[in-house]
Amino acid sequence: LPMRSLFKNKGFRDEFLGRYMMLLNTVFQPENVNRVIDSLQNRIYPDFHYQVSRWNGMFSSISNWENQVEGLRRYAELRPDNVWQNMAHHFSLGDPVELRVDNDNGKGDVLVNSVAVPRGQFTGQILPGVNLKLEYRGDPGYRLSHWVITTVSSETTTLLPRNSNW
């Protein structure tokens, strides 16, 4: 119930959804989650026979445990699509739209809703109706010259003029 109350506040809702969308586009991508699962499995595997010999139950064999770990990998593959659908439905937002960030010079980080996107060209998705917060953190000696936002209708809006100081 406390979360439902918080979601009544549009500012909180936008902050939560915006950050969650960007985490789905980056950190929670299946290849990233599976990399963590693999890392943990590799750390546990050498000692797992102790677990099998001590306890009977769900992990009574190494192959049973490996099947459970494989289930985690499948979950990591399926989860993002389910989350996108649930967010769009629950909050009455439209279908996801493409978000592309081109940080061609690679001399700083672009953050969308406080989440750094990979340098270079990045493509993800967002749900319409959620405000986005854009930030640029330049490497030492670099500063942002301008933002260019292109919409689906190919209109371009410059948020900060080239060579502006602010």
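Just so it is clear, the values below take in all heavy atoms, side chains as well, and ignore hydrogens, waters and symmetry mates. As the structure is a computational prediction, the values presented were derived from the model and not from experiment.
Hydrophobic clustering keeps V83 apart from Y75 (ILVMFWY residues linked when any side-chain heavy atoms are closer than 4.5 Å, directly or through intermediates). Linking ILVMFWY residues whenever their side-chain heavy atoms come closer than 4.5 Å, directly or via other members, leaves L72 and L78 in distinct clusters.
More than 12 heavy atoms of other residues, nucleotides or ligands shown are found within 6.0 angstrom of NZ on K10. Applying the 6.0 Å contact sphere to CZ of F12 captures more than 12 heavy atoms from other residues, nucleotides or ligands.
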Which donor-acceptor pairs under 3.5 Å do side chains of residues 89-101 form with protein atoms, sequence neighbours excluded?
residue	atom	partner	partner atom	Å
R100	NE	D102	OD2	3.0
R100	NH2	D102	OD2	3.1

Sequence neighbours left out, cut at 3.5 Å: what donor-acceptor pairs do the side chains of residues 36-43 make with other protein atoms?
residue	atom	partner	partner atom	Å
D38	OD1	R73	NE	3.0
D38	OD1	R73	NH2	2.6
Q41	OE1	R73	NH2	2.6
N42	ND2	D38	O	3.2

Extract all donor-acceptor atom pairs below 3.5 Å that involve side chains of residues 121-131 and protein atoms in other chains or at least two apart in sequence.
residue	atom	partner	partner atom	Å
N131	ND2	D14	OD2	3.0

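Counting only residues at least two apart or in different chains, ring pair (Phe, Tyr, Trp, His ring centres under 6.0 Å) contacts with residues 13-38 comprise F7-F16, F16-Y20. Counting only residues at least two apart or in different chains, salt bridge (charged side-chain N to carboxylate O under 4.0 Å, His left out) contacts with residues 112-140 comprise D109-R119, R119-D139, K133-E135, E135-R137.
Using a 3.5 Å distance cut-off with no hydrogens or angles, the side chains of R79 and N82 do not pair a donor with an acceptor.
Under the 3.5 Å distance criterion, the side-chain polar atoms of N32 are matched with a main-chain donor or acceptor of T26.
For the atom pair CE of M87 and CG of L24, the computed distance is 5.0 Å after rounding to the nearest 0.5 Å. The CG atom of L111 lies 9.5 Å from the CZ atom of R19; values are rounded to the nearest 0.5 Å.
Listed here is the closest heavy atom pair of P80 and A76: CD-O, 3.3 Å. Across all their heavy atoms, V27 and V33 have their closest contact at O-CG2, 4.1 Å. When all heavy atoms of H146 and V148 are compared, the closest pair comes out as CD2-CG2, 3.2 Å.
The side-chain heavy atoms of M21 and V115, taken from C-beta on, include no pair separated by under 4.5 Å.
Remark: Y136 engages no residue in a ring pair (Phe, Tyr, Trp, His ring centres under 6.0 Å) (not counting sequence neighbours).
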